[in-house]
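Encoded as structure tokens, the structure appears first; notes follow it.
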Amino acid sequence: APPEWDWRKNGAVTKVKDQGMCGSCWAFSVTGNVEGQWFLNRGTLLSLSEQELLDCDKMDKACMGGLPSNAYSAIKNLGGLETEDDYSYQGHMQACNFSAEKAKVYINDSVELSQNEQKLAAWLAKKGPISVAINAFGMQFYRHGIAHPLRPLCSPWLIDHAVLIVGYGNRSEVPFWAIKNSWGTDWGEKGYYYLHRGSGSCGVNTMASSAVVN
Amino acid sequence: PAPAQSGAADAQGWGPPPPELLGPARFALEMYNRGRAAGTRAVLGAVRGRVRRAGHGSLYSLEATLEEPPCNDPTVCQLPVSRKTLLCSFEVLDELGKHMLLRRDCGPVVTKVTDDGNEALNSGLPLLTKDPLSQDFSVKMASIFKNFVTTYNRTYQTKEEAQWRLSVFASNMVRAQKIQALDHGTAQYGVTKFSDLTEEEFRTIYLNPLLREVPGKKMHLAKSIGDP
């Protein structure tokens with residue numbers, strides 16, 4: 001893997017979004033991944049609809065939570081995702097209003113990624129942003145810098161927040177993952193969270209996944 | 001003092017340090033006196049506290065009184081002080097027998113709760129005003145909270161809610177400090193747009209417990225990069 005990589009500089013990442021008062025982080029993590037996959041495999045960066053997943057993904061629980069692996073499956077079964085503009089975000093569940101004709105992207109499959117962080121970095125640099133799930137310990141008060149909580153306090157077994165890794169690198173020799181969150185740009189570093197890389201910090205390597213677009 | 005519960009010296013009353021707290025209390029005193037010549041060192045008084053265990057570590061939250069020795073040397077202190085009692089709170093992490101001082105707050109013992117006429121503060125911070133924290137801490141907290149309300153455009157329906165949110169905000173500032181002390185990266189923690197939410201509210205509204213409770217659909221493993 002290259003020493004550092006940042007898909008924001010390569011056009012594969014849309015602007016930071018805001019899930020509002022809703023536990024829909026899983027939907028933002030997945031749409032962020034599919035946006036990257038569609039860009040890298042079909043050449044167009046589209047901002048995709050999380051509301052469609054909240055309303056139409058019956059395997060998951062909208063604002064009460066959901067799983068990326070279920071969401072990929074739902075996107076496949078539904079026949080694709082509409083854009084953010086066509087199916088805009090409301091922050092609460094409504095009746096499903098999806099129409100296949102309006103779907104602008106589709107996915108063929110989804111895969112689970114390695115738990116080895118070096119392999120994850122190599123995969124990211126080659127294949128695109130990665131959906132991950134982490135323990136959100138400390139994130140309520142995070143302002144900036146590279147977070148590296150003590151392991152007992154940020155256990156990889158207590159995963160409770162899904163986000164998107166868009167890059168990695170080093171700051172003053174401290175390795176980090178650059179993570180796109182969905183709490184708006186007025187949180188963290190303009191909406192981004194930087195987490196220590198290489199130590200399995202907060203379980204960042206335990207639930208890495210991606211859609212596959214042929 | 002109440003007898004220590006087995007395995008946890010939890011919420012002890014004041015008194016000589018119970019055996020469980022003796023080690024970390026002595027370590028905290030040693031850190032406090034570091035660099036002081038003999039005869040100028042403070043002495044440990046009463047101790048109370050509790051311990052939280054996690055993994056291989058134990059986190060001791062201690063409150064202790066320290067007796068500063070009389071100070072008659074004008075080169076050391078301007079006014080001769082016969083004897084000064086300090087009330088300190090310490091956080092000591094004990095990992096596999098190795099102690100680490102995470103936080104130390106000391107101040108003169110406050111003998112009575114001052115009534116400075118700022119009801120919103122006092123009534124909203126019942127715990128804090130009983131703490132040995134100085135009055136200017138409360139005033140500072142109120143101004144930080146005011147900045148928070150302005151920055152994030154907060155509105156509260158009633159005065160009671162404002163008081164409640166102020167007290168949540170103040171205790172969150174303390175929580176953020178603890179998280180800061182326990183982070184060995186370069187992250188800075190402090191006031192964010194979520195600083196007036198309790199931990200419970202934040203978890204319920206913004207997080208996704210399903211991620212650890214429910215196994216998702218099984219996906220096959222991606223080939224590694226470079227894998228022929």
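What you see is a predicted model, and the numbers here were worked out from it, not measured in a lab. Below, chain A is the first sequence line, B the second, and so on; all start at residue 1.
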Heavy-atom cut-off 4.5 Å, strictly under: side chain, backbone, both or neither for A/A162 against chain B?
both

Proximal component of A/D60, with respect to chain B [non-hydrogen, under 4.5 Å]
neither

Which portion of A/Q140 sits near chain B, non-hydrogen atoms under 4.5 angstrom
both

Region of B/L197 in contact with chain A, defined by heavy-atom distances below 4.5 Å
both

A/F137 portion near chain B, given a 4.5 angstrom heavy-atom threshold:
side chain

Go through the atoms of A/C25 and report whether side chain, backbone, both or neither lie under 4.5 Å from a heavy atom of chain B.
side chain

Of the backbone (N, CA, C, O) and the side chain (C-beta and beyond), which part of B/K218 lies under 4.5 Å from a heavy atom of chain A, both, or neither?
side chain

Using 30° and 60° as the class limits, which term best fits the ring planes of B/F202 and A/W183: parallel, tilted or perpendicular?
perpendicular

Side chain / backbone / both / neither for A/A147 at chain B, heavy atoms under 4.5 Å
both

Using non-hydrogen atoms only, which part of A/M207 is less than 4.5 Å away from chain B: side chain, backbone, both, or neither?
side chain

Side chain, backbone, both or neither: which part of A/L153 has a non-hydrogen atom closer than 4.5 Å to chain B?
side chain

Bottom line for A/Y72: the part with an atom under 4.5 Å from chain B's heavy atoms is side chain

